[in-house]
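So the structure is just underneath, and the comments pick up after that.
Every number for a ligand or one of its atoms is a count from 1 in the order of the listing. Bear in mind that the values here come from a model prediction, so they are computed numbers and not experimental data.
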Amino acid sequence: MKMKAAVVWEKDGDFKLQDVELADPKATEVLVRVVGAGVCHTDATARDQTIPIQLPGIFGHEGAGIVEKVGDAVRDVKVGDRVVLTFYTCGHCPTCRSGRPTGCDNYGPVNFSGRHSDFTHRHSVDGQEISSFFAQSSFAEYAVVDENACVVIKDEDVDIGLLGPLGCGLMTGAGAVANCMKPTVGSSIVVFGCGGVGLAAVMMAKVVGCSTIIGVDAVPSRLEMAKELGCTHVINGKEVEDIAGRIREITGGGADYSLDTSAAIPLMTAAINCLRVYGTAVVVGTSGDKVVPVVMQDMIMGKGRTLKGCIEGDADPKTFIPTLVSLYKQGRFPFDKLIVEYPFEQINQAFEDSKSGKTIKPVLRMAKA
Ligand SMILES: [Zn+2]
Ligand SMILES: [Zn+2]
């Protein structure tokens, strides 16, 4: 079928809205009419080729919409279902079978292959094949995705077009707290970087009962939002020289947990040094090949601390995303406060506003629900 999609033709190039040919879904795949799609930092890193997806490509991996067609072998999803799209997982490798799909053996090989799960393309322009992203490519009017990447949303009273960011960025922040740290009630936590991922972590820290929640960022408007969403303290990283020292002061000796979403070397270092004895630091920022100096004796072993990586919030999307929707409906996870909507045609503006920090979480609106 023909549809409009945003194609990137060259490194750092603009998104060009144009007609693209989309193939039919294969046996385990479904065709989704995209209603909305979140703009994520990871899309920008593919466009600038930090993640080297072969160009031309169609990005977008936080889509949400309505199922219009299903392949012959699809079991869990039916035509008319409202779905949030998430990353591809195979469902049958040992890690998937252990209940932790974010560690799927086929996660990297498929999601970053520029192709779908059978390593063939679904998109083309005048016969030229176009790369996909996360086996999804939701910066488009339609997406073909594996049924494993579809999370059915049963709640009819939520705007499906807003929910796309739950499939990646917001799940990452909220899951880092709920699934990876599992803080006990009354714990203290520091969140470095108050973008979409960090603020999702702040909201979840409040849900799970952390009593001291500290947000660190350099943009005053984001720190204001952090306070509105649950931070008991905020630190402007530009104004405070010894951030870790300030946190030890606020918490009376150090925080129980810290989360780095910034991928900035000084902040990743502070995320360890701000912890109390037996504290845990979790990192989710995409830091490429940056090297963070960690003095094992003094920073980790001698303090009994834990340093943990976390992929996509360590979440099983099929259960965690409906949980986030429930919390949203109860007013306990008000992620819509982070979102500014843009018509699909304004995709380049949305990326600019995300980069400058003007908009915390842009969502592109392709169609009415
Ligand atoms: Zn797997
Ligand atoms: Zn993302």
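Within the 6.0 Å centre-distance limit, the rings of F134 and F112 are counted as a close aromatic pair. Side-chain rings of Y107 and Y88 stay apart, their centers remaining 6.0 Å or farther from each other.
Vertex the Zn ion (ligand 1), arms ending at SG of C90 and SG of C104: the angle is 100° after rounding to 10 degrees. Taking the Zn ion (ligand 2) as the corner point, the angle from C40 atom SG to C168 atom SG is about 150° (rounded to 10 degrees).
Taking backbone and side-chain atoms together, H92 has no N/O/S atom less than 2.8 Å away from the Zn ion (ligand 1). Among the atoms of H41, no N, O or S atom is found under 2.8 Å from the Zn ion (ligand 2).
Under the 6.0 Å distance and 45° angle rule, R365 does not count as a cation-pi partner of Y342.
For the pair R222 and D217, the salt-bridge criterion is met [side-chain N within less than 4.0 Å of a carboxylate O].
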